[in-house]
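Input: a single structure, listed below in structure tokens.
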Protein chains: 2
Amino acid sequence: MDFTIWQKNTLKFIILGLLKHNELTGYDIKKLFNCEIGDFWQAKHSQIYPELKKLEEEKLISSHIEISGKKLEKTFYNITATGLTTLNNWLTEPQDKIPPTRDDFTLKLYFIDDKNNPRIEELFAEERLQHEEKLNYLTTRMTELFSSTEKQKAHYGHYLILKKAIIREKAQLNWLNDELNNINK
Amino acid sequence: MDFTIWQKNTLKFIILGLLKHNELTGYDIKKLFNCEIGDFWQAKHSQIYPELKKLEEEKLISSHIEISGKKLEKTFYNITATGLTTLNNWLTEPQDKIPPTRDDFTLKLYFIDDKNNPRIEELFAEERLQHEEKLNYLTTRMTELFSSTEKQKAHYGHYLILKKAIIREKAQLNWLNDELNNINK
DNA sequence: CGTATCATGTAACATGTTACATGATTCC
DNA sequence: GGAATCATGTAACATGTTACATGATACG
């Protein structure tokens, strides 16, 4: 069964999507990957800045410079009409296949294989800690951003993906706890 | 909050892990990515064959050729003692951070954002179909491979990761169905 | 005999990470 | 004045994909 996928310059569409409502600097975009958007994609500044230049060459975004303080130049980017069309086309394209999870934990579990190897319990404990931290972060963000139904409606997609991530983390934690109990029996 | 991860030549350890119990050809390894191992990692043959050569140079694996039929040469690879040590060291290393999901669906949802955009319902329907297919495949594999508790114990890691994937797919499907109901209200 | 699959490889390209670089601003 | 963070960039490298290539074998 073939679950192969592939991403063709996804970063491009993420940038366009982020610029849909606000003008942003490269640094702003970089920082957004540290928030809950980092749950589904990540990129370093060394990839973002060149991509912004490329998008500007392609006329999908435009830029202007503002001076902050005495001489610090910030480059703000805006989406163009062409950029908006490109973004909307991508949004209506059929989806890619489900990508592989690429997580270390599953991989190691698969290769340890021996039920009595004490490393299994360690792995579970480490994994639980990480998911607890993440769930914690996600629920905090949820409270911060979407305390009212009005706020939920105003950024419905954002609300949905946060909710999705929270449900995923909870299911994951339940499973981890169940298996930890099984191991100790 | 920083959830940054990174994989340093994970394919290397996957190959070592797969060779732990059986000798395999590059083609065998390629095919394994089409099974449930493809749930957590994927690689094309164009990446596998060069990696095998590299691992042999590093003396982590060894190879011998067998003739199949009249002249088809198959190269079988075995893990060496050094390879086994390398694999075991990796298994006891602390885990990487949780990687981003990198799925198209979440990304598009985030950028559509408008609750009334009919594309949201389409996206959910497409996504549901994909997860149904995947769950179907995973449960079939589970029945094929782990019908008895003896079989579960014999390949406990494999059993665990299949179970994990099934639980994940079920949770995901529940959420998708719930949200589809919300949309239709 | 034709088609699917087995089996292996390389080259060009795209994507993503690490490290190297530099300088400004804010806040204590 | 020192540290953290703001702000932007490039170069070298690692990883992963697509396309190009070739030939054998199994099965109908």
Side-chain angles (χ1 to χ4, degrees), chain A residues 1-15 23-34 38 40-58 63-77 96-97 99-102 104 107, chain B residues 1-15 23-34 38 40-58 63-77 96-97 99-102 104 107:
Chain A
M1 194 133 178
D2 179 26
F3 290 117
T4 315
I5 53 113
W6 275 103
Q7 68 259 100
K8 317 147 290 172
N9 207 352
T10 305
L11 181 57
K12 168 177 171 169
F13 299 106
I14 295 174
I15 291 175
E23 60 170 30
L24 296 169
T25 66
Y27 196 77
D28 292 333
I29 293 170
K30 186 210 110 174
K31 276 189 302 173
L32 286 168
F33 286 105
N34 297 331
F40 51 85
W41 209 273
Q42 284 176 4
K44 315 278 183 190
H45 78 274
S46 54
Q47 201 184 355
I48 294 164
Y49 289 113
E51 189 61 36
L52 283 167
K53 299 224 157 164
K54 228 178 82 188
L55 290 176
E56 194 173 15
E57 269 175 40
E58 291 172 39
S63 74
H64 65 102
I65 290 168
E66 281 178 29
I67 304 290
S68 159
K70 281 180 185 160
K71 41 179 169 167
L72 207 169
E73 295 190 348
K74 291 187 180 189
T75 310
F76 285 87
Y77 290 94
D96 291 334
K97 295 265 174 78
T101 58
R102 285 174 192 263
D104 218 38
L107 216 46
Chain B
M1 195 130 179
D2 180 25
F3 290 116
T4 314
I5 52 113
W6 277 105
Q7 69 259 96
K8 316 148 289 172
N9 206 354
T10 304
L11 181 58
K12 168 177 172 171
F13 299 107
I14 295 175
I15 291 174
E23 60 171 29
L24 296 169
T25 67
Y27 196 76
D28 292 333
I29 293 171
K30 186 209 109 172
K31 277 189 303 175
L32 286 168
F33 286 105
N34 297 332
F40 50 86
W41 210 273
Q42 284 175 4
K44 316 279 183 190
H45 78 275
S46 55
Q47 200 183 354
I48 294 165
Y49 290 113
E51 189 60 37
L52 283 167
K53 300 225 156 166
K54 228 178 81 189
L55 289 177
E56 195 174 15
E57 269 176 40
E58 291 172 40
S63 73
H64 64 102
I65 291 169
E66 281 178 29
I67 304 291
S68 157
K70 282 180 184 161
K71 41 177 168 170
L72 208 168
E73 294 190 347
K74 290 187 182 190
T75 311
F76 284 87
Y77 290 93
D96 291 334
K97 294 265 175 80
T101 58
R102 287 178 189 261
D104 218 38
L107 215 46

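Model, not experiment: these values are computed from the prediction.
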Please encode protein proximity along nucleotides 1-9 of chain D as a string of B, S and -, counting only heavy-atom distances under 4.0 Å.
-----BBBB
Which residues satisfy the side chain to side chain donor-acceptor pair (under 3.5 Å) test with T75(A), sequence neighbours excluded?
none
Taking CZ from R102(A) and P from dG16(C), how many angstroms apart are they, rounded to a whole number?
10 Å
More 5' along DNA chain C: E51(A) or G69(A), using each one's nearest nucleotide?
E51(A)
Starting from the 5' end of DNA chain C, give me the residue, K71(A) or K54(A), whose nearest nucleotide shows up first.
K54(A)
To the nearest angstrom, how far is I67(A) atom CD1 from dG23(C) atom P?
16 Å
So, using side chain to side chain donor-acceptor pair (under 3.5 Å) as the criterion, who are the partners of E56(B) when residues are at least two apart?
S63(B)
In whole Å, I'd like the distance from the CG atom of L55(B) to the P atom of dT15(D).
11 Å
Kindly say whether D96(B) contributes a backbone atom to a donor-acceptor pair with the side chain of D104(A) at under 3.5 angstrom?
yes
Within the pair K44(A) and dG16(C), is there a side-chain N or O less than 4.0 Å away from OP1 or OP2?
no
Would you please name every residue forming a ring pair (Phe, Tyr, Trp, His ring centres under 6.0 Å) with Y27(B), sequence neighbours left out?
none
How many whole angstroms separate atom NZ of K12(A) from atom P of dA14(C)?
12 Å
Ring pair (Phe, Tyr, Trp, His ring centres under 6.0 Å) involving Y77(A) - partner list, sequence neighbours excluded
none
Over how many whole Å does the gap from D96(A) atom CG to dT15(C) atom P extend?
12 Å
What's the CG-C1' distance between N34(B) and dT5(C), to the nearest Å?
12 Å
Whole-Å gap separating P (dT15(C)) and CG (N9(A))
4 Å
Length of the NZ-C1' vector between K8(B) and dG16(C), whole Å
16 Å
The side chain to side chain contact (heavy atoms under 4.5 Å, CB included) partners of L32(A) (sequence neighbours excluded) come to L18(A), L24(A), I37(A)
Between E51(A) and I14(A), is any pair of side-chain heavy atoms under 4.5 Å apart?
no
